[in-house]
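In what follows, a single structure is set out as structure tokens and then discussed.
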Amino acid sequence: MSRRSTHHPESGRGPAPGAGREGERDAARPRRDRRSSRWDEHRRARRHELTAATIAAIRAHGAEVGMSQVAAQARTSKTVVYRHFADKTDLYLAVCDRVATVLVGQLQSAMRDAADDPRQTLVSGVDAYLRLIEADPEVYRYVMRPPKLDRPANEDPVSDLCSVIGDHIAEVISTELRRQGRDTGPAQTWGHALVGMVRAAGDQWLAARPELEREVLAGQLADLAWAGLSRTVTPSAASSAS
């Protein structure tokens with residue numbers, strides 16, 4: 001028993017003066033000490049480290065990487081990995097989240113740097129997506145074509161990743177339409193259509209045309225997309241439609 005406790009159940013004493021409903025609520029409310037909070041931070045940090053080790057193992061062994069290879073990369077055991085991830089699905093979702101964060105950040109940076117030129121903004125966005133495929137083809141395969149999972153995921157992480165990117169592109173288009181005082185309704189359609197086109201072309205490039213230069217592919221896709229966007233999003237399109 002803690003030294004700080006002065007109440008002995010055997011003594012038959014009643015509640016301390018002033019104790020009432022507030023005291024009952026405080027007693028019922030779960031308390032977490034600093035040690036528990038420190039363990040939470042440790043678990044978050046360990047999950048972060050193991051996710052990074054998984055990505056390194058994918059790069060070394062390919063998209064079909066096994067948990068034993070992940071554990072070896074992390075210099076630990078599978079038991080420890082499963083202590084921090086419920087199963088392979090949980091680990092897979094953590095990798096998807098990490099890839100999504102990196103990719104969206106690269107897209108934002110590339111498109112922000114080219115913001116003064118709408119067509120170059122488009123080229124930069126397409127190129128940022130293709131750069132991930134070129135730099136990390138096995139990680140891309142792992143994310144886009146998930147390995148056999150231990151349990152069905154509640155949501156499709158690939159669809160979610162593409163949705164995040166599509167929403168970001170849609171917001172860029174919407175901002176430009178809003179600046180021109182025009183209807184922003186089509187922005188979602190156009191943003192997600194662009195992502196679908198680039199993803200399909202990127203998958204085909206990775207599988208069948210690795211000799212094609214990334215910059216060339218980015219230019220080809222930008223040419224196709226710009227043919228439509230220049231007639232729908234640009235100020236000249238607004239004037240011709242009015």
Side-chain angles (χ1 to χ4, degrees), residues 1-9 19 22-110 112 128-129 131-168:
M1 183 176 292
S2 169
R3 294 181 182 178
R4 294 160 62 184
S5 175
T6 58
H7 175 66
H8 297 273
E22 288 296 327
E24 292 172 3
R25 281 198 293 266
D26 288 344
R29 188 179 298 130
R31 297 187 178 186
R32 304 182 67 215
D33 59 24
R34 291 180 180 177
R35 288 176 296 179
S36 180
S37 298
R38 285 198 296 269
W39 273 111
D40 285 347
E41 183 57 36
H42 170 77
R43 282 190 286 267
R44 281 192 293 269
R46 192 64 176 131
R47 277 179 64 95
H48 184 89
E49 292 169 358
L50 291 170
T51 301
T54 302
I55 292 173
I58 294 167
R59 288 169 178 157
H61 302 287
E64 300 300 323
V65 66
M67 293 298 283
S68 296
Q69 293 164 319
V70 170
Q73 180 67 44
R75 297 183 179 181
T76 188
S77 66
K78 287 197 295 184
T79 301
V80 170
V81 176
Y82 281 123
R83 187 179 302 157
H84 294 276
F85 296 94
D87 50 32
K88 289 171 72 175
T89 299
D90 193 19
L91 182 58
Y92 169 74
L93 294 174
V95 172
C96 286
D97 185 64
R98 181 76 62 88
V99 171
T101 299
V102 171
L103 180 54
V104 170
Q106 291 175 347
L107 282 168
Q108 290 174 333
S109 178
R112 185 170 55 246
Y129 186 95
R131 196 181 306 122
L132 171 68
I133 300 176
E134 183 179 58
D136 258 334
E138 292 302 326
V139 172
Y140 180 81
R141 287 189 177 99
Y142 178 88
V143 169
M144 293 299 176
R145 301 177 183 83
K148 184 178 179 180
L149 303 178
D150 294 332
R151 59 180 169 86
N154 294 329
E155 297 179 357
D156 179 359
V158 174
S159 296
D160 187 60
L161 172 60
C162 292
S163 293
V164 168
I165 300 169
D167 287 344
H168 178 67

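One-based numbering along the sequence shown.
The nearest pair of heavy atoms linking Tyr82 to Asp87 is CE2-CA, 3.8 Å. A pairwise comparison of heavy atoms in Arg47 and Ala94 identifies NH2-CB, 4.2 Å as the closest pair. Closest non-hydrogen pair, Ser77 versus Ala71, comes out as C-CB, 3.6 Å. Counting all heavy atoms, side chain and backbone alike, Ile55 lies closest to Arg98 at CD1-CG, 3.8 Å.
The pair Arg141-Glu138 meets the salt-bridge criterion, with a side-chain N (NZ, NE, NH1 or NH2) lying under 4.0 Å from an Asp/Glu carboxylate O.
Interatomic distance, CD of Glu41 versus CZ of Arg43, reported as 10.5 Å (0.5 Å rounding). Here the straight-line distance linking atom NE2 of His61 with atom CD of Gln69 works out to 4.5 Å at 0.5 Å rounding. Atom NZ in Lys78 sits 15.5 Å away from atom CZ in Phe85 (nearest 0.5 Å). Between the CG atom of Leu50 and the CG atom of Leu91 there is a distance of 8.0 Å, given to the nearest 0.5 Å. His168 contributes atom NE2, which lies 4.5 Å from atom CD of Gln108 (distance to the nearest 0.5 angstrom).
Side-chain N or O atoms of Tyr92 include one that pairs as donor or acceptor with a backbone N or O of Val143 at under 3.5 Å.
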Step-by-step side chain to side chain contact (heavy atoms under 4.5 Å, CB included) determination, Leu107 to Leu103: CA-CA 6 Å; Leu107 282 168; Leu103 180 54; 4.3 Å; yes
Steps toward side chain to side chain contact (heavy atoms under 4.5 Å, CB included) verdict (Thr54, Val81): CA-CA 10 Å; Thr54 302; Val81 176; over 6 Å; no
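Put simply, the side chain of Met144 does not reach to within 4.5 Å of the side chain of Ile133, judged on heavy atoms. The shortest side-chain heavy-atom distance between Glu49 and Thr76 does not fall under the 4.5 Å cut-off. For the pair Thr51 and His48, the minimum side-chain heavy-atom distance is 4.5 Å or more. Taking the side chain as every heavy atom from C-beta outward, Val102 and Leu132 never approach each other to under 4.5 Å. Under the 4.5 Å side-chain criterion, counting only non-hydrogen atoms from C-beta, Tyr140 is in contact with Tyr129.
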